[in-house]
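In what follows, chains carry the letters A, B, and so on, assigned in the order in which the sequence lines appear, proteins first and then strands, with residues in each chain numbered from 1. Worth saying up front: this structure is predicted, and the values here are computed from it rather than measured.
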Amino acid sequence: MEYIPNLIFAILLVAGIAFFTQNVRKLIRNIKLGKAVDTSDNTSQRWKNMIAIALGQSKMVVRPVAGFLHIVVYMGFIIINIEVLEIILDGLLGTHRLFAFLGGFYSFLIGSFEILALLVIVAVTLFWVRRNVIKLRRFLNPEMAGWPKKDGNLILYIELVLMVLFLTMNAADYTLQQMEVAPYVKAGAFPVSQFIAPLFQDMSVSTIILWERTAWWLHIVGILFFLNYLYYSKHLHILLAFPNTYFGKVRPKGQFDNLEAVTKEVRLMMDPNADPFAAPDENAPPPEKFGASDVMDLEWVQLLNAYTCTECGRCTSECPANLTGKKLSPRKIMMDTRDRLEEVGKNMDANKGVFVPDGKQLLGDYITHEELWACTSCNACVEACPISIDPLSIIMDMRQYLVMEQSAAPSDLNNMMGNIENNGAPWPFNQMDRLNWSKES
Amino acid sequence: MENELKVPTMAELTAAGKQPEVLFWVGCAGSFDDRAKKITKAFVKILNKANISFAVLGTEESCTGDPAKRAGNEFLFQMQAVTNIEVLNAYEVKKIVTACPHCFNTLKNEYPGLGGNYEVVHHTQFLKHLLESGKISMEGGQFRGKRITFHDPCYLGRANNVYEAPRDLIRKLDAELVEMKSCKSRGLCCGAGGAQMFKEPEKGDKDINVKRTEQAMEIKPDIIAAGCPFCNTMMTDGVKSKEKEASIAVLDIAELIAQVEDL
């Protein structure tokens, strides 16, 4: 009988991790639907990016208030997780405060966790105020209506509850330690929860133990729940920010990929030795589609980008098109990409792992032509993203599809391209007049 | 303008058995747009005064393909690029300077993958080098005490991390360099990039160039300095729409320098 709690704990832990693993597998499968891309270059720069941008939060502090609050929650998350290790071992072994033997160092650890927990509570409250009371513009764009807004708040509530449970657990523990109840050995320092402890003063020992045990269990169950909530939430960034900053763009922002398939065609056209009447190779694979109309046409890093997006909206709040009332929102591009990818994934789940065409695609059903054509390719969104997401690359891939597969450019742009083709300039001027400026006074 | 400019072409120099130190890539705007041609001429005057051995391609130059690529027409871009690279490589060009950040970005970043490897600099970088090597002095004090703000071209700044060369030049004018709310890596686009220059904007509540001009007006500049012919057009139109053309001038860095050099 005495091992029942250990057993329940083990079952919960295994179930929580198993369910999470299953979703991670799905996540990886979906990301791999994207096209292959070589990321073996610039290894040292990639590691540096990951360390500075993800681990070091260097781009978060561009906006000092949100950046500072975020660092508090981030530190809280990383450091308090050391405590989770002890909780898991205690749960499995049926011990209590297994690391108490560390003595002074243990006190230091628990003391710092408590202070961080309090700071996290303050930060999370301020984050909530920014979203719901001050109503910052970037949290109110149309794409945030419904689930995204709820998701943002839910995460804050979960974090708040977890921190309150942690402090309640410690306060009850501290009270029991003072009363010298077994197995509550005197261990740890409680700079914050000692102020909650008086609430337990008049309770019986068994009631306090009930409080302590309840808070302890709810805390660890809450953490397992949160772990599994990630896949359904924008909060995946706490894990994916690391690979995403590693695989992010390492070339100058202005450098767009040259399409290799096009290069082949152009070389062939320019080759004087190519036989213009050559019969096409019958075994040749069907020609590659130019550009992207659906998630499978994007590269896997772009799909990783979509899952990593936290919907913070820094990109949209810097986008010149969005700032002047156009429909384009780089954040929506990322959210649409993820939503469509999830839809494709669910389709595969329902069809034994094979995607059955559903008559929908990212272009048109999620992202409109109007949004795509409003982009100035200024890279403000790419620069603004604190975790190296590149919405611009998706916009450009979809423009390529519109122009090269569908000839669906706005007529003004068709004129511009016609001019370049005919006379080597975007305007209808004769190429032979290119040097006339040198003779004009 | 008194004398005709000295503008040697690559064809002429090659015929005379000479090779210039640097090719000046004029670009389509610099060749054909009336406003941008003034920038081209100002820059050539500086090159002439500093005795720089340069040449242009003239009628052998063609669009880099940038607006086609940003519009999604990779075919047309690569056709343009391959043709231009053939010309540049035939003349054994090593170094290119251009006053257009779009040409700059494309030549510098996107041509190497197609066989065109050159050292490419923006004219503000080139001018800064002329100043440092004493080939221009910028001593005329026409802009002393003037409030000048620099509008970062996206394809020079964010796209290629060039922020300081134009600013160093403005400081050298003895002018008061003032920064707009959004500047450097967070600079607001003028609205022309990504082939927007050649089409009507999508429906919205304001044009981007007007928004940017309003940002500039907040800091009450005498001059909005630009480093891109398209930004120049957009900001000039923005200033006109606010009826401020009498009090705010929009000038390229090369034009500012040509003025202090009395050219």
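Distance alone, capped at 3.5 Å, is enough to place a donor-acceptor pair between the B:Glu61 side chain and the B:Val26 backbone. A side-chain donor-acceptor contact under 3.5 Å links B:Tyr163 to the backbone of B:Arg158. Within the 3.5 Å criterion, the main-chain N or O of B:Met234 finds a donor-acceptor partner in the side chain of B:Asn209. No donor-acceptor pair closer than 3.5 Å links the side chain of B:Glu110 to the backbone N or O of B:Leu107.
Neither the backbone nor the side chain of A:Ala409 comes within contact range of chain B; no heavy atom of the residue lies under 4.5 Å from a heavy atom of that chain. In this structure, chain A has heavy atoms under 4.5 Å from both the backbone and the side chain of B:Arg186. Contacts of B:Thr64 with chain A are absent, with no heavy-atom separation under 4.5 Å from either backbone or side chain. Of the two parts of B:Phe198, the backbone and the side chain both hold a non-hydrogen atom closer than 4.5 Å to a non-hydrogen atom of chain A. Both the backbone and the side chain of A:Met432 come within contact range of chain B, each with at least one heavy atom under 4.5 Å from a heavy atom of that chain. With a 4.5 Å cut-off on non-hydrogen atoms, A:Arg267 touches chain B through its side chain but not through its backbone. Looking at A:Leu323, the atoms closer than 4.5 Å to chain B (heavy atoms on both sides) sit in the backbone and in the side chain alike. Looking at A:Asp397, neither its backbone nor its side chain comes within 4.5 Å of chain B, counting heavy atoms on both sides. With a 4.5 angstrom heavy-atom cutoff, A:Leu259 touches chain B via backbone and side-chain atoms both. For a residue to count as touching a neighbouring chain, one of its non-hydrogen atoms must lie under 4.5 Å from one of that chain's; by this rule B:Lys37 touches chain A with the side chain only. Contacts of B:Ala29 with chain A are made by both backbone and side-chain atoms, with heavy-atom separations under 4.5 Å. In this structure, chain A has a heavy atom under 4.5 Å from the side chain of B:Val56, while its backbone stays farther away. If you measure heavy-atom distances from B:Lys6 to chain A, you find no contacts under 4.5 Å at all. For B:Asn105, the part lying near chain A is the side chain, with the backbone staying farther off; criterion is any non-hydrogen pair under 4.5 Å. At a 4.5 Å heavy-atom cutoff, the contact between A:Phe290 and chain B is made by side-chain atoms alone. Looking at B:Gln80, the atoms closer than 4.5 Å to chain A (heavy atoms on both sides) all sit in the side chain, from C-beta outward. In this structure, the portion of A:Asp257 lying under 4.5 Å from any heavy atom of chain B is its backbone and not its side chain. At a 4.5 Å heavy-atom cutoff, the contact between A:Trp427 and chain B is made by side-chain atoms alone. For A:Met417, the parts sitting under 4.5 Å from any heavy atom of chain B are the backbone and the side chain alike. Residue contact with chain A, scored on non-hydrogen atoms closer than 4.5 Å, involves the backbone and the side chain of B:Leu114 alike. Both the backbone and the side chain of A:Val62 come within less than 4.5 Å of a heavy atom of chain B. Only the side chain of B:Leu188 comes within less than 4.5 Å of a heavy atom of chain A; its backbone N, CA, C and O stay farther away.
The choice from B:Ala71, B:Gly27, B:Gly58 that makes the most heavy-atom pairs within less than 4.5 Å of chain A is B:Ala71. Ranked by heavy-atom pairs under 4.5 Å with chain B, the first of A:Leu435, A:Leu402, A:Asn430, A:Leu413 is A:Leu413. Ranked by non-hydrogen atom pairs under 4.5 Å with chain B, the options A:Gly254, A:Cys319, A:Pro252, A:Ala380 are led by A:Gly254. Top candidate by heavy-atom pairs under 4.5 Å with chain A, chosen from B:Glu60, B:Gln78, B:Lys206, is B:Gln78. Put simply, of A:Met396, A:Gln400, A:Met270, the one with the most heavy-atom pairs under 4.5 Å next to chain B is A:Gln400. Taking A:Glu383, A:Arg251, A:Lys327, A:Met398 one by one and counting their heavy-atom pairs under 4.5 Å with chain B, the maximum is reached by A:Glu383. With chain A as the partner, the residue from B:Glu74, B:Met197, B:Lys211, B:Met79 showing the most heavy-atom pairs under 4.5 Å is B:Glu74.
Within 6.0 Å of the CE atom in A:Met269, the count of heavy atoms belonging to other residues, nucleotides or ligands does not exceed 12. More than 12 heavy atoms of other residues, nucleotides or ligands lie within 6.0 Å of NZ in A:Lys59, so this atom counts as buried by the packing criterion.
For the pair A:Arg46 and A:Asp41, the salt-bridge criterion is met [side-chain N within less than 4.0 Å of a carboxylate O].
Taking the six-membered ring wherever Trp is involved, the centroid distance between the rings of B:Tyr118 and B:Tyr111 does not fall below 6.0 Å.
Using modelled atom types, one finds no donor on one side chain facing an acceptor on the other under 3.5 Å when comparing B:Asn160 with B:His122. For the residue pair A:Asn244 and A:Asn305, a side-chain donor N or O sits within less than 3.5 Å of a side-chain acceptor on the partner. Residues A:Gln431 and A:Arg434 have side chains that never bring a donor and an acceptor to within less than 3.5 angstrom of each other. Counting only N and O atoms by type, the side chains of A:Gln302 and A:Thr337 include no donor and acceptor under 3.5 Å apart. Judged purely by distance below 3.5 Å, without hydrogens or angles, the side chains of A:Lys332 and A:Asn141 never pair a donor atom with an acceptor atom. Of the N and O atoms on the side chains of A:Arg63 and A:Ser317, at least one donor lies less than 3.5 Å from an acceptor on the other residue.
Just one residue in the list A:Glu371, A:Glu318, A:Glu143 forms a salt bridge (charged side-chain N to carboxylate O under 4.0 Å, His left out) with A:Arg331, and that residue is A:Glu143.
B:Phe230 and B:His102 have perpendicular rings, their planes meeting at more than 60° on a 0 to 90° scale where under 30° would count as parallel.
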Trace of the side-chain contact (heavy atoms from CB on, under 4.5 Å) decision for A:Asn379 with B:Cys154: CA-CA 7 Å; A:Asn379 263 308; B:Cys154 304; over 6 Å; no
